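Worksheet: the structure to be examined is printed underneath.
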Amino acid sequence: VEVYSRGYTGSPCKDSKGNYCFNNTDSRKYGNANLIKVPVGTQNAKAVLPTTCGYGGTDGAIIGSGVDAAGHAVRLKQVYAWTEASWNAAPGLHGWGGDAPTGTSYAVRSLAAGQTYRVWGYSQSGKVTVLKGVRVNACKSTPLRIRV
């Protein structure tokens with residue numbers, strides 16, 4: 001089960017009637033997570049989302065740029081990060097996130113800290129680079145150059 005953070009109490013995202021928005025993803029307070037091994041028919045499963053440091057949480061980030069073989073910055077089309085935590089574990093916090101960079105830098109934010117991630121970097125031409133074991137620490141940004 002994938003869990004996305006939407007509008008929250010205190011969110012500046014409101015519709016014309018003053019109701020909090022629940023249609024747009026909003027990762028300023030919470031990141032995304034997966035619930036793993038949720039048996040069919042389970043009711044009231046609790047999802048724990050990584051909370052950002054600005055709201056008393058411990059999330060982290062992976063930031064960097066795409067580079068070519070010569071080390072020159074290149075624009076990436078998409079970057080994804082998925083936890084390497086065991087998929088056979090009981091339901092819990094399994095972080096993930098992504099970014100569609102508009103320039104040569106990317107930032108995958110609001111990731112569950114204390115986990116290692118597998119990171120996919122997609123070049124504009126469609127080449128995919130996968131990096132394993134990228135550690136995310138609490139309230140820190142992990143620098144990562146993705147060679148495509």
Side-chain angles (χ1 to χ4, degrees), residues 1-16 20-39 45-148:
V1 176
E2 290 181 5
V3 182
Y4 297 78
S5 176
R6 303 287 186 199
Y8 56 89
T9 301
S11 170
C13 178
K14 293 185 180 182
D15 65 17
S16 61
Y20 290 104
C21 302
F22 293 98
N23 294 326
N24 297 318
T25 301
D26 185 337
S27 60
R28 288 172 285 183
K29 185 171 184 180
Y30 299 108
N32 303 316
N34 285 321
L35 290 176
I36 309 303
K37 283 188 77 172
V38 179
K46 293 185 179 183
V48 178
L49 298 176
T51 305
T52 61
C53 296
Y55 285 90
T58 60
D59 78 318
I62 300 172
I63 63 168
S65 62
V67 294
D68 62 16
H72 302 323
V74 296
R75 185 171 173 231
L76 296 169
K77 183 175 183 178
Q78 189 73 44
V79 178
Y80 294 105
W82 283 83
T83 185
E84 291 180 331
S86 173
W87 293 103
N88 294 322
L93 181 58
H94 292 78
W96 64 276
D99 185 27
T102 57
T104 59
S105 298
Y106 72 88
V108 181
R109 300 188 187 282
S110 303
L111 294 171
Q115 299 182 13
T116 59
Y117 288 80
R118 189 164 294 182
V119 179
W120 286 263
Y122 293 81
S123 74
Q124 293 294 317
S125 65
K127 181 179 178 188
V128 180
T129 298
V130 180
L131 300 161
K132 299 175 183 177
V134 180
R135 179 96 178 149
V136 171
N137 295 309
C139 299
K140 298 202 182 290
S141 294
T142 302
L144 183 68
R145 289 173 43 159
I146 300 174
R147 186 174 167 182
V148 291

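Note that the coordinates shown come from a computational prediction; the quantities given were computed from them, not determined experimentally. Residue indices begin at 1 and follow the sequence shown.
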So salt bridge (charged side-chain N to carboxylate O under 4.0 Å, His left out) across residues 50-60, not counting sequence neighbours, yields none
Of all heavy-atom pairs linking R109 and I63, the shortest is NH1-CG2, 4.3 Å
Examine distances only and state if a side-chain atom of Q115 and a backbone atom of R135 form a donor-acceptor pair shorter than 3.5 Å. no
R75 meets the side chain to side chain contact (heavy atoms under 4.5 Å, CB included) criterion, sequence neighbours left out, with Q124
When every non-hydrogen atom of D99 is compared with those of P101, the smallest separation belongs to O-CD, 3.3 Å
So the salt bridge (charged side-chain N to carboxylate O under 4.0 Å, His left out) pairs with at least one residue in residues 110-129 (sequence neighbours excluded) are E84-R118
Heavy-atom nearest pair, G121 first then V148, reads O-CG1, 4.0 Å
Sorted by chain and residue number, the side chain to side chain contact (heavy atoms under 4.5 Å, CB included) partners of T58 (sequence neighbours excluded) come out as A113, A138
Practice item. Mind running side-chain contact (heavy atoms from CB on, under 4.5 Å) on Y117 and V108 for me, showing each step along the way? Key: CA-CA 11 Å; Y117 288 80; V108 181; over 6 Å; no
Here the gap from T129 atom OG1 to W120 atom CH2, rounded to the nearest 0.5 Å, amounts to 12.5 Å
Value for NZ (K77) from OH (Y122), rounded to nearest 0.5 Å, stands at 10.0 Å
dist N32:CG -> W82:CH2 (nearest 0.5 Å) comes out at 8.5 Å
Here the pair of heavy atoms bringing S110 nearest to P50 is O-CG, 3.6 Å
In short, disulfide (SG to SG under 2.5 Å) pairs touching residues 98-132 with sequence neighbours left out are none
For V134, the side chain to side chain contact (heavy atoms under 4.5 Å, CB included) test, sequence neighbours excluded, returns I62, V119, L131, T142, L144
